[in-house]
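Nothing fancy with the numbering, it's 1 onward along the sequence.
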Amino acid sequence: MITRLVRALGPPILFGALFLAAWELFVVARDIKAYLLPKPSAIWGQFHDNIGQIWKVARVTGLNALVGLLVGLALGLVMALLASRFSLLGELIDPLSVAAAAMPIIVLVAIFNNLFSITSEVPRRLMVAVVVFFIVFINVAKGLRQASATQLELMDSYGAADLQIIRKLRIPNGLSFLVTALRQAAPLAVVTAFVSEYFGGPQNGLGSRIAQAISSSRDTTGWAYVLAACLLGLTFFALSALVERWAMPWQHHRTT
């Protein structure tokens, strides 16, 4: 167990340490000013000194990302199941997914902000849900459709109902696609919630605090909030990896 953990975490931790050391030395050697590029040690100092405030605003962004992630995940999964049962529905949603992926976040956030109160967090959560929905729908629908033709014929020969085929064949086949979609969507949910804060709404999240810090020439403090956003995204990714390990333990044992 310990050996596997060291083998998995050792290389990225070593690379991160070397990268931060090189960053620190580069800034010191070139005497780069803090407003251009602060030292990692200075960023960590600001992060430590403002940990209470950072934690407070990180919870706002994290909650928006989590709510949007869960809503988008549920809707994407349900629609993918319906699309696997009704092919016409899938043909209607597929072009919408392409159009939504090409649409800039600022457009939808602006529309959502006009629909709700200026103090509401709903627009940001809706934006996250939209982004997550199409990621989940595209991946899961693909997995559900890729069931083996031989297995489908066998189920038909047994007289299996459509719901039995979905439950016993299509869903197990789409599970790996679902966890893949979750690993993609989890950190992207944080990014979407974070970026959405730049386009209106309450100024109580990580994105808005970064903008405030940079505009008031507190650049190192702004980088401390950026560090918090990175840690939040990594937390979401780690949780999605734990969900994958729980949902598909056989996949983990196969790779180890």
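For the pair N139 and L178, the minimum side-chain heavy-atom distance is 4.5 Å or more. The side-chain heavy atoms of F112 and L115, taken from C-beta on, include a pair separated by under 4.5 Å.
Cluster annotation: V60 and W55 are assigned to distinct hydrophobic clusters (Ile/Leu/Val/Met/Phe/Trp/Tyr, side-chain heavy-atom contacts under 4.5 Å, transitive). Under a hydrophobic-cluster definition in which Ile, Leu, Val, Met, Phe, Trp and Tyr are linked whenever side-chain heavy atoms come within less than 4.5 Å, directly or via other members, I111 and V109 are assigned to the same cluster. Linking ILVMFWY side-chain heavy atoms closer than 4.5 Å, directly or via other members, places W44 and L25 in two distinct hydrophobic clusters.
Atom-to-atom distance recorded for E24:CD and I43:CD1 is 9.0 Å, nearest 0.5 angstrom. Interatomic distance, L14 CG to F19 CZ, rounded to the nearest 0.5 Å: 14.0 Å. Distance check: L36 CG to D219 CG gives 8.5 Å after rounding to the nearest 0.5 Å. Remark: L63 CG to R124 CZ distance equals 12.0 Å, nearest 0.5 Å. To the nearest 0.5 Å, atoms CZ (F237) and CG (L182) are separated by 10.0 Å. To the nearest 0.5 Å, the span separating CZ on F15 from CG on L20 amounts to 9.5 Å.
Contact detail for T220 and P38: the closest heavy-atom pair is OG1-CB, 3.8 Å. The shortest non-hydrogen separation linking V128 to A65 is CG1-O, 3.8 Å. The two residues N113 and P123 have their closest heavy-atom pair at OD1-CB, 3.2 Å. Nearest heavy atom pair, residue A80 against residue A141, reads CB-N, 3.7 Å. Listed here is the closest heavy atom pair of A129 and V71: CB-CG1, 4.0 Å. Scanning both residues, G222 and I210, for their nearest heavy atoms gives O-CG1, 3.8 Å.
In this structure, F236 has no ring pair (Phe, Tyr, Trp, His ring centres under 6.0 Å) partners at least two apart in sequence or on a different chain. Residues satisfying the ring pair (Phe, Tyr, Trp, His ring centres under 6.0 Å) test with Y198, not counting sequence neighbours, are F194. The side chain to side chain contact (heavy atoms under 4.5 Å, CB included) check on V57 picks up Q53, L206, R209, Y225, with sequence neighbours excluded. Scanning for ring pair (Phe, Tyr, Trp, His ring centres under 6.0 Å) contacts around F199 gives an empty result, with sequence neighbours left out. With sequence neighbours excluded, the residues forming a side-chain hydrogen bond (donor to acceptor under 3.5 Å, both in side chains) with T119 are S117, listed by chain and number.
Residue-environment remark: CH2 (W23) exceeds the threshold of 12 foreign heavy atoms within 6.0 Å. Environment of CD1 in I118: sparse, with no more than 12 heavy atoms of neighbouring residues, nucleotides or ligands closer than 6.0 Å.
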Mind running side-chain contact (heavy atoms from CB on, under 4.5 Å) on L37 and K39 for me, showing each step along the way? CA-CA 7 Å; L37 184 66; K39 297 183 293 185; over 6 Å; no
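Annotation: side-chain hydrogen bond (donor to acceptor under 3.5 Å, both in side chains) contacts involving residues 61-81, sequence neighbours excluded, comprise T61-E197, N64-E121, N64-R125.
The only member of V191, L227, V190 that meets side chain to side chain contact (heavy atoms under 4.5 Å, CB included) when paired with L232 is V190.
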